[in-house]
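In what follows, chains are A, B, ... by sequence order, proteins preceding strands, each numbered from 1.
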Amino acid sequence: MNWLIISPILLPLVLACIMLLLWRHPVWQRWTALGGMVALVGCGAGLFGVVYVHGVQSEQLAGYGAPFGITFVADLFSSIMVLASAILGTAVTVYSMTNIENRRESFGYYPLLHLLLLGVCGAFLTGDVFNLFVFFEIMLMASFVLLTLGGERGQMEGAIKYVTLNLISSAIFLAAVGILYGMTGTLNMADLSNQVVWIAENRPEELPLLTILAMMFLIAFGVKAAMFPLFFWLPASYHTPPPAVSAIFAALLTKVGVYSMARFFTLIFTHDVGTTHMIILVLAGFGMICGVLGAAAQNEFRRILAFHSVSQIGYMLMGIGLIVMLAHRDDEIAHHAVQMGLAGTIIFVVHHLFVKPNLFLVSGVVERIGGTGELKKLGGFYKTEPLLAIMFLISALSLAGIPPLSGFWAKYILVLAGLQLEQYFIVFIALLTGLLTLYSMVKIWAAAFWTDVPDDSPVHNAAHMAHAKHGIRRMIYPIAVIAVIIVLFGVFAGPIFDVAMEAAAQMLDPSAYIEAVQFEEFSPTLGRGEEADS
Amino acid sequence: MSSLILRTAIRYLFPIIVLFSIFLLLRGHDEPGGGFIGGLLGATAFALFAIGYSVETSRRMLRFELHQLMGFGLLMATLSGVVGLILGEPFLSSAWIEIPIPGRPEPFKLATYLFFDIGVYLVVLSITLMIVYALAEE
Amino acid sequence: MELILAIVIGALYAAGLYLMMRRNLVKLIIGLVLLSQAANLLIFTAAGLRSPNAPLIPPGEKYPVGDFADPLPQALILTAIVIGFGVIAFTLVLFHRAYQSTGTDDLDQMKATDT
Amino acid sequence: MLIAVLLLFALALAAPLIDRAAGRWTGAVLALGPLAAFLIIARWLPDVAAGETITQVHAWADALDIRLSFYLDGLSLMFALLISGIGTLIVFYAGTYLEGDPRRGRFYAWLLIFMASMLGLVLADNIISMFIFWELTSVSSYFLIGYDHHRESARKSALQAMLVTGGGGLALLAGLIMLGVAAGSMEVSQIINEGEVLREHAWYLPIVILVFAGCFTKSAQFPFHFWLPNAMEAPTPVSAYLHSSTMVKAGVYLLARLNPALGATDVWLYTLVIFGGVTMLVGAYLAIRQVYLKKILAYSTVSALGVLVFLTGLSNVDSPEAAQYAGKAFAVFLLAHALYKATLFLVAGTITHETGEKDVTKLGGLRRKMPLTALAAALAGASMAGLPPFFGFLGKELLLDTTVKNPDWMLPLTIAAGVAGFLFVIVALLIAVKPFWGALKETAQHPHEAPFAMWFGPALLGSLSLLFGLFLNPLARPIIEPTASAVMGVPQEVKLALWHGINLPLMISVAAVVLGILAFLGLPIISRILKPFDALNRIGPERGYYALFNGTLKLASFQTRLLQSGYLRVYLFITITMSVGLIGWQILQLDVLPIVDQFREIEVVPFVIENLYTLIVAALILIGTFGAVHSRSRLSAIASLGVVGYGVALIYIIHGAPDLAITQFLIETLTVILFVLVFYHLPQFPRISSVPARVRDLVVSVAAGVMMTVLVLIATNLETEKISDYFAENSYELGQGRNIVNVILVDFRSMDTLGEIVVLVIAAVGVLALLKLKPPREQERKNNPHEADGREEAS
């Protein structure tokens, strides 16, 4: 157990070090990176298996008990996220071997990829608020560098917005940690959960202070998660780096924000769900509609995909926001529906973690062959690349929530939960957003795949095609594998839902999480006791 | 620009600063100091060389490639944590061997956190120099 | 005492945010630096200013003697300062490169990647 | 039944390969799939005819109440047989129709996916699996309609069909979920017994509205009918299939399916009768205003769908006799329409295939060239026109019987039905007579009799129209009776007879036929008279669709320009305002007076003396801050920044944090050096923000600052136990060190430190990459500034 729970951060860290030592040998780095990712999948799978069979697992780093040392906790949600991230990381690594040019490879692309995974996995697993901040910063810093790697003008412009807005969020996060420590005197999340219960029972007059803290964390995570109206950095930057980088960003960055929000707003800030979760629900609704309208207004492959994420974040937050109904209803149906809503969020997060990146990966192939991502200048891919077209379709239709693909289940569960909780308005928005999502996916399809190849397209240039087709299999295979995952997700919707429900149950009833953490009894004496003895 | 006096001064200052930085590193556990502060100071010594002579000279003084030094430092810090894992303790648990020093009542403790701090020192030294060199060459 | 520092922190936040909303790249990053100073100082103050004595254990003792400042926020701030340094160094160079490739330090001119 | 559906899905995946292997036999080979499905389903015909229903359940996502369960009663059997039966002929026909087209393999893949989904739709017992198949039909029809995707009109029509039916589909999803929740079961076989519960449920009205939204869009009811004629962009076999028995009938199917559960209320009855009636008339009228073969058929399909919806509604009238007639009429008309409409579409396809002409006014005299096709057309046309002894005659008779027997609204409904019948006659003549009789007209291609595969299907289906009419009770009754029972929700005894004696319906029928023939002969004149009214189309529902579509796009680009403006300062402003709003709002909920009171007690002089150092340093920081904000030169701004940084370090010293202070001093020095290095050659700050912008930003930032001050005061005002004593107590014993801060950093919380140096490493790699790795173009320009200038291009 010691090894397993720590492996998702230890493995990328050690491999990143090795790749730094191999700085002058990008080709060796490639294979190291790939081997590392595959091993990470193994670790993630092992961790998931152990958590699934034996329940929540934890580890006290450096051997000091909670709340004093740093705790790592793996419950179902976090281990699922680690596993999914590792699978996606593997796919993107293979894809990068062709998609990332040598000049980028030789400036540390692969170690950065691993360090990004390190930050992401750490954020999933840590049970300490300040440590979460540190992992956020690792992830952010790695994403800053991956975003700017290559130095194109667009990358610089996008990065300025990305960096600035995320640093604001970090500053708020840090301030929130400071105030949190000042108010509660602890940093351990399980301990905080206990404290909140204790405050609610003993000092209810202090509960509004917790709501203030909740708002600070909401903003801090909201920026990372690209929640409405804090999402501006995302459409400004996601389409600027190479598609492989866009893909890994789309898969992981916002998810960490959503994950943290889900964690904090189920484990810690549950004292006033009527206020906090209502705000989340309202912002989720706005996010859905604004994001999808934003996507409808775009005319470039990756810009459409990027803007879309904002609306899908809305769906993910919807499941968290639905907890609001626990403030008004306390019957069994409501509890079950809330659990289902949270399961919907989990399924949506995992579904989106595969589907959106896969669309970015397809866009990379399209851009490589068609020479551009602008829809007007593309065409003919249905005819020339039928397999790619099918894989795009699987991903795009899944994103639009067409059954029986993964996206449908995520949407269905959220809608079902929303209807049972009588939140009709958000359900209406969710369904409408689905239709508009379908529209913008079809827009890409019609323009890039169905229309004839434009006359000025570089596709007619044999030299260009020879170059573009070189090594393209390493780009296609990962896409195909993810497409298969998306299909299987629909076929095995039943078991997947069962697991998600169990994960949601673990989150809604934090006792398992808290029990797993190894607390240490301590009453301060500062040696005075000893002096008294002697 | 770089006068003879400056160069001479640097030649004498260099070992003193480096030694002092290592001193700060080693005493960090008990007094203010530590790997980070030591590493920054160590980097200053090499940076002075870059100013007084050239980036190339400074690089040669260092003998190691910065990436490797950085990777090595990080690896060292990480592996000092793995020792705990190998001993069946959680990651980053400290472990030490006691080496008796003749003539002193307390034995010297060769502990993992020392390696951890050395790792921090190396990383800070190398990343500071990396940034300074890159900017100086710009 | 907390009152004084609280006002200083408020002023740093206000100044930092105001500077960030200017159109100039350099002001933006100066604002960022002020913001990170403010956050560090905030952790320091919010945790409570207990004592002017450093949390050191005198030689020969096993526990600190008398009053001492809370060591945990200091450790957190130390981490935050260092991380902040890394971030600021990177951001500085990023802005420098953005200036090079766009030829302007006016942020309003950098909107090609949005809509 | 699962096997039948899965078989077709599997065949769809294999279709492109089979197409490559089987060549010209592809159609025949692939037709075996639907044929097998037909036989599998037909096996249950005797059981169902005997009044049984069959249920099969396969697990899928049971925790969500979603199962692959199937339910076979008369209604689903009827539909399943039509889908697989007509499907067989269509697949066979299309093999020849698309001979030589390289896209044929893909076409078959989509067609078979569509067929499988359609079959799944009508067989599904679980309403959510039904919905899944429903959506799949929408999606696969998108690809079928957009088959000629190089044409923009095809892409547009496909999109329109998908958006209209997809939009309805989403409403339907909500409706079905609510239906399932309200009925307490997701299985149709259960839901149809829960009529009482459902009608009493608070959700009844929303459910009905949402189900209507789904069904009316799918089944092209007015005002959503416009997508159907546009869908004629599809190849003819697709049109024949989608519009005779499948896609568009899905909505009708669902209405009939839920009729026993949701019916028997006024809202159900009146909505269906009104929408169905209007659709019936509008569709038929628009049909005779068309000249293209497929458009005529398309609008007549709209009309026929209207008839079916109309009849579904009427099966809920108070008069039991009329209701029974309605159920019977529904079943008969459904079958009759499927048979003749598929035939006529295929005939239209054959005509266009052979002559290259779509305009019915430019066709004539083909009967000699294509006698078999003409025969098939004649049989189907007669059925459509409602001539005895064709099956269509019975359909029309029963329709009229229903309206006549119903005491309420008898006159208007009967007139509507009669007019529809009259218009049907014209349409039938237009399609089945006009191209084949009269003088042969010159066309682009020289027509020949179609190949076997292309006349066989129409001929078979046309003959069935006659056979069903001739052998009503032995052939038609076994399927009509259970279907009517399923629609009514109670077992029906159905007796079918062509001859009811001379009664009102018969007279209306005869009148319709006679008037129809006359009108057909005078059609050129009538057309001229009606021409001015075509202007009405311009304000029709399709305009609404486009207005909504373009309006949404305009709204989209408006809001996007507004929100995602590209100005970082606006983003920051929104983010900060949002934070101040949310956090400040919560602070305002608090009672902050105790904190303020506490400071009222402060006496100035002792306070100043006690905190002299802190005050001096604070003043220093504030001056530095002001300098940083206000300075107009870069260098002095950076110097002010240094002052702030050193000031903060002094605070750390004063308050017992030497490690922090040293680190802060070093870092600050380094930062200032980096600032100077990097920004040495930037221009001075110009004042470019406008005064209102500055005031606005100042207000927001000061608000944020005040908010942070209050937060700090709140936090420090609380008495809390902190975990830090643990570190002090164990630093020496467990951590082996006397500098507690350092022990925390390298031991207690060493993970933070490890993370911190990782950040530093990444930052250094990033700085290096930024400075050394420039885009090739920029690098080149730097190396040879003169040569590269001309080559710069916008990227």
Side-chain angles (χ1 to χ4, degrees), chain B residues 24-25 27-41 43-44 47 51 66-67 69-71 73-78 80-81 84 90-94 96 109 111-138, chain D residues 652-653 656-671 673-678 680-681 731-732 734-774 782:
Chain B
L24 278 179
L25 160 73
R27 79 160 204 165
H29 216 50
D30 294 328
E31 302 288 334
F36 186 81
I37 295 171
L40 270 185
L41 210 63
T44 317
I51 296 167
L66 284 173
H67 296 102
L69 201 59
M70 191 165 80
L74 193 55
L75 196 61
M76 192 160 166
T78 312
S80 80
F91 181 54
L92 290 168
S93 298
S94 52
W96 58 86
K109 285 181 181 171
T112 50
Y113 55 75
L114 188 63
F115 290 97
F116 188 84
D117 233 4
I118 295 174
V120 174
Y121 178 94
L122 290 178
V123 168
V124 172
L125 176 84
S126 51
I127 71 109
T128 315
L129 286 177
M130 199 183 250
I131 295 172
V132 169
Y133 288 169
L135 276 172
E137 282 169 346
E138 175 74 4
Chain D
Y652 293 148
I653 289 192
D659 280 282
L660 270 185
I662 300 174
T663 312
Q664 174 77 15
F665 271 121
L666 287 171
I667 291 275
E668 200 55 40
T669 313
L670 202 57
T671 310
I673 292 173
L674 289 184
F675 261 95
V676 174
L677 274 179
V678 168
Y680 193 66
H681 22 246
S731 169
Y732 190 73
L734 297 178
Q736 322 283 324
R738 287 184 285 108
N739 180 356
I740 303 173
V741 175
N742 186 276
V743 176
I744 295 177
L745 283 174
V746 301
D747 197 356
F748 291 115
R749 297 183 62 93
S750 41
M751 190 64 231
D752 285 346
T753 311
L754 193 56
E756 159 203 315
I757 58 176
V758 170
V759 173
L760 287 182
V761 166
I762 305 172
V765 171
V767 168
L768 193 74
L770 277 173
L771 291 173
K772 304 277 174 183
L773 175 63
K774 293 179 181 168
K782 197 178 167 191

What is the distance from atom OG of B/S126 to atom CD1 of D/I757, rounded to the nearest 0.5 Å?
-> 9.5 Å

Distance from B/M76 atom CE to B/I118 atom CD1, nearest 0.5 Å?
-> 4.5 Å

Which bit of D/L670 is near chain B, if near means a heavy-atom gap under 4.5 Å: side chain, backbone, both or neither?
-> side chain

Should B/M130 and D/V767 count as side-chain neighbours, where that means a heavy-atom distance under 4.5 Å?
-> no

With chain B, which of D/L745, D/L770, D/I662 has the greatest number of heavy-atom pairs at distances under 4.5 Å?
-> D/I662

Given that the side chain runs from C-beta out, which part of D/Q736 has a heavy atom under 4.5 Å from chain B: side chain, backbone, both or neither?
-> both

Using non-hydrogen atoms only, which part of B/S80 is less than 4.5 Å away from chain D: side chain, backbone, both, or neither?
-> neither

Region of B/F91 that comes under 4.5 Å of a non-hydrogen atom in chain D = side chain

Value for CG (D/L771) from CG (B/L135), rounded to nearest 0.5 Å, stands at 5.5 Å

B/L41, B/I37, B/V123: which one forms the most heavy-atom pairs within less than 4.5 Å of chain D?
-> B/I37

Rounded to the nearest 0.5 Å, how far does OG1 of D/T663 lie from OH of D/Y652?
-> 10.0 Å

Examine whether an atom of B/V120 lies under 4.5 Å from a heavy atom of chain D, and if so say whether it belongs to the side chain, the backbone or both; otherwise answer neither.
-> both

Value for OG1 (B/T44) from CG (D/L666), rounded to nearest 0.5 Å, stands at 7.0 Å

Name the region of B/L40, side chain, backbone, both or neither, that has any atom closer than 4.5 Å to a heavy atom of chain D.
-> side chain

